[in-house]
Amino acid sequence: MKCVRCRARAEVQLRAHNAAYCRPCFLFVFRRQVERAIDSERMFTQGERLLVAVSGGKDSLALWDVLADLGYDTTGLYVGLGIGVYSDVSHAKVVAFAERRGLPVRVVTLEDEGGGLAVPTVAGLTRRVPCSACGTMKRHWFDTAAVEGGFDVLVTGHNLDDEAARLLGNVLRWQSDHLARQRPVLPATHPRFVRKVKPLFLTSEYETAVYAFMCGIDYIVEECPNAAGATQLLYKDLLNRLEAASPGSKLAFVKEFQRTGQPAFAAAPRESPNDCERCGMPAYGTLCAYCRLVEEVGRKAAARAGAPA
Ligand code: Q46
Ligand code: ZN
């Protein structure tokens, strides 16, 4: 197999793109793909301050690596979720990467913030699926860190596989509100929000894994222990089977949704949020999702301790 750009021996085959590349050409094409996503979706410009949410996994670290190479002003954000060894190892990987590249990183540890509520405690007390509690908490701390740090943009490492799985989940239940918001760029719609972008939305998990491997990025290989039962994984598995039989399906699914489906959902009138009475974040009702969760935890913890709920 030969590289489609330079005819040298290819090291990577990308069936979705009907292409194969040698190492230097793959690295070039990978970076160019990220750059094109940033430019074509007008995600951000040089001079803006980017807060890059990093989990210690391959996607977010590969993205941070590319953004730093492209000369953007980046700061990493690591949110410690309190998930045992997984959190300890992922924290260490983020700190080591930031030190090696000489990049600033901000660490928010949930045990030390807002009442010391880590994901396992919250999930246990509220009997929620850990990923549901985790999602609400991560979103809250990402938004808070971005706004309080005076950043222009919050960048996340969601890749094509994540976006396709999320889209499939939203379509299966026709969640029109979620479909209207599933975009690679979410403008700052509230004073407590900054713009949110996903430069890897057309880049597959396989591509980021190859990039991280070729660049010698040391990332956490183990999945979060809560990922095993997550519905997202089931959707990913289904989509992988589809992709194997029909390469390019995921890319077409996400790309065409962005071109045709999403604008139709976004055009429908939607309720605009209030300000949360407690933290000022957008809320449907008096409290935002995070403050509702914290309140529920307080109630359940008190009930468990035998105090009146
Ligand atoms: S960290 Fe959190 Fe993921 Fe773990 S608890 Fe679920 S959502 S699986 S990206
Ligand atoms: Zn709130």
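Numbering of ligands and ligand atoms starts at 1, following listing order. Note that the coordinates shown come from a computational prediction; the quantities given were computed from them, not determined experimentally.
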Peer 1: Do me a favour and list the nearest non-hydrogen protein atom to atom 5 (S) of ligand 1 with residue, atom name and distance?
Peer 2: N226 ND2, 3.6 Å
Peer 1: Check whether any side-chain heavy atom of L67 lies under 4.5 Å from a side-chain heavy atom of I38, and answer yes or no.
Peer 2: yes
Peer 1: Is the count of non-hydrogen atoms from other residues, nucleotides or ligands lying under 6.0 Å from Y284 atom OH greater than 12?
Peer 2: yes
Peer 1: Nearest to atom 6 (Fe) of ligand 1 by heavy atom, G135, C131, P120, S90: which?
Peer 2: C131
Peer 1: Considering the heavy atoms of C224, write down every atom of ligand 1 situated less than 4.0 Å from one of them.
Peer 2: 1 (S), 4 (Fe), 5 (S), 8 (S)
Peer 1: Under the criterion salt bridge (charged side-chain N to carboxylate O under 4.0 Å, His left out), which of E223, E243, E205, E163 is the partner of K236?
Peer 2: E205
Peer 1: Just checking, K196 and F193: is the charged tip under 6.0 Å from the six-membered ring centre and within 45° of the axis?
Peer 2: yes
Peer 1: Please work out whether the ring planes of Y78 and H91 are parallel, tilted or perpendicular, with thresholds of 30° and 60°.
Peer 2: parallel
Peer 1: SG (C279) to the Zn ion (ligand 2) to SG (C291): angle, nearest 10 degrees?
Peer 2: 110°
Peer 1: L81 heavy atoms, cut-off 4.0 Å: which ligand 1 atoms fall inside?
Peer 2: 1 (S)
Peer 1: Is H140 close enough to the Zn ion (ligand 2) to have an N, O or S atom under 2.8 Å?
Peer 2: no
Peer 1: Just let me know how K138 lines up against ligand 1, side chain, backbone, both or neither, with a heavy-atom cut-off below 4.0 Å.
Peer 2: side chain
Peer 1: Heavy-atom contacts with C134 under 4.0 Å: which atoms of ligand 1 show up? List them by number with element.
Peer 2: 1 (S), 2 (Fe), 5 (S), 7 (S)
Peer 1: Evaluate the ring planes of F44 and Y72, with Trp represented by its six-membered ring, and classify them as parallel (under 30°), tilted (30 to 60°) or perpendicular (over 60°).
Peer 2: perpendicular
